[in-house]
Amino acid sequence: MPDVRDGLRDGLRSALEVAGVAGAPGEIAIERPRDPAHGDWSSNVALVAAKAAGRPPRGLAEQIVAHLSAQPPPHVVEVTAAGPGFVNFRLAPSWLHEVLAEVVAAGVEGCARSTEGAGRSVSVEFVSANPTGPLHAGHGRWAAYGDSLCRLLERAGYRVCREFYVNDRGRQIDLFAASLSARQRGDEPPEDGYHGEYVTEWAEEMPAAADARQWGLERARQDQADTLAAMNVAFDLYTSESALVGRGAMDDALDELRRRGMVYERDGAVWLRTGDFGDSADRVLVKSDSEPTYFLPDIAYHHEKFSRSELVIDVLGADHHGYVPRMRAALAALGHSRDGYEALIGQNVTLRRGGTEVRLSKRTGDMVLVSELVDEVGPDVTRLVYLLQSIDTTQTIDIDVVSAQSAENPVYYLQYAHARIYSLTRQAAAREVQRVPLCGVDLSVLVHQRELDVLRALASLPDTARAAMRARAPHQVTTWARELAASFHRFWHDCPILRDDIGDDVRQARLWLVEATRIGLAAALDILGVSAPERL
RNA sequence: GCCCUCGUAGCUCAGUGGAUAGAGCAUCGGUCUCCUAAACCGUGUGCGCAGGUUCGAUUCCUGCCGGGGGCACCA
């Protein structure tokens, strides 16, 4: 997609040349000033280049301005030097009219795309909840986050594999099965077993002859799959630990580590030299009772992931962050490049209901399940609420607020913007107003402040999507969508479209502005995994 | 004790190496004979504290204080 900034950069580069500045920065930064009074675009080249040029930044900026004023880049109507040495550009609205046409041409699918992941493959593992119970509201955060991150990566051209690891062996599973069996008999589960209400409910469902372990795994797996489907999250690959071990992947990984001399025995256990690769200590791979730890098959799993993806991403909760150095170390011990592995740590979720916090534990009866949240507020609200803020922040979801069908709920602001667009479409149809093809429409009539603000928001979508992808921060797309919706609501309030006193040319241009808004909003909502209603 | 993370307006949270730090909610007050008022407009003594790097720090670095999480031959 063309970018006005390219023209500005060319202009700045030649101005610097004329000014005799040799050490000009390779990449010239052009940003949107925070304060609109400073123009549409601003560059700090003069500040950056001043030192190398041995000249005061302000003077250099003025020299650049003089050159650019004589030969303005496309759309530029004014160039000024400001502040300590910024070069500010004011552009004619025509640059925004081009943005409108670009958005329409790109469509919902083509919007917000970039190419930096083209030809690259990435594996993203998220949720990976143990098959010992339903997903709680904390898991929901990783589901929403992980899937939207994948959508961002896909928009950047990556080939993405969404992965879920099923930890179906080991002590936790034994305890889960024992808890089910105990409940079935009418006994209490073991002390360190599973005490949640769902265990009792599931035990009632379980046929008397069933193998508690087998049945329980399947029951939990199905429950989780249903919940994820309800959230519109679909995984490409489920990897079961027992299957992984069954096909020898664990032994292969251990052999490979042995071959590389990374493994030794002590106290009857097998240890990995993770301490040599940045971990705080060596770790046990095989316990003295010859059972592997959780770690070993997980190493095998990650090793395998590298055979299908260049970049391997894990989305983990903060309670697992201590695990990252050892996995990083193990992968280094296997010879994988350090920057091929990325662990994204998300902070925990707490819930508030009736003004008090609800603990997320499989042991307490009042644990809040994702499925409850989805049942109560629907998948769209659920996902958007999770994507309202950064995963670096502990999130408190107030169920009373989120479930309220009121203005307090930020979700409706977005949905209402989208619904308004469809409302307009319905009204237009009722009045037999047709939108003529864009090529026959004069967009230059779009000069109202509200119109230009909407277009400015649309212009920043590609940057927003790319930045959110790089920062692994899909919530930035939510913020953008809220801004777009805000500018659209203001436009709607101030700029009538179908009213009789509106000229035909203005009406047509505004109809296309609305269509571009719909496209941008729909693209953002697609990234967020939220479907937008056509009416509220 | 060590590691990770957060500390921004009354509350919930955005935000950026730049020029006057934003939004929602809450408060108070306005706007429908006009495409849905779930909207719009007005109303705000805020970057935890102290150093450092920088032309410029709320943003990067160090220390401190405070909240959360983690430091297993559990997963």
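Per chain, numbering begins at 1; letters A, B, ... match sequence-line order.
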Does [X] reach a base, just sugar-phosphate, or nothing at all? Heavy atoms under 4.0 Å.
{"X": "A/Tyr323", "value": "base"}
{"X": "A/Arg426", "value": "base"}
{"X": "A/His475", "value": "sugar-phosphate"}
{"X": "A/Asp267", "value": "base"}

Interatomic distance at C1', B/C40 relative to B/C4, whole Å: 44 Å
Dot-bracket pairing map - RNA chain B, Watson-Crick plus G-U, both contacts under 3.5 Å, | cross-strand: (((((((..((((....[...))))..((((.......)))).....(((((..]....))))))))))))....
Between P of B/C40 and CZ of A/Phe488, the distance in whole Å: 11 Å
Interatomic distance where CG belongs to A/Asp398 and C1' belongs to B/G24 [whole Å]: 14 Å
Pairs flagged by ring pair (Phe, Tyr, Trp, His ring centres under 6.0 Å) wherever residues 452-485 of chain A is involved - sequence neighbours left out: none
RNA chain B contacts among residues 379-392 of chain A, heavy-atom distance under 4.0 Å: A/Gln389, A/Ser390, A/Asp392
Ring centroid separation A/His489 to A/Tyr413 under 6.0 Å: yes
Donor-acceptor pair, side chain of A/Gln224 and main chain of A/Asn130, under 3.5 angstrom: yes
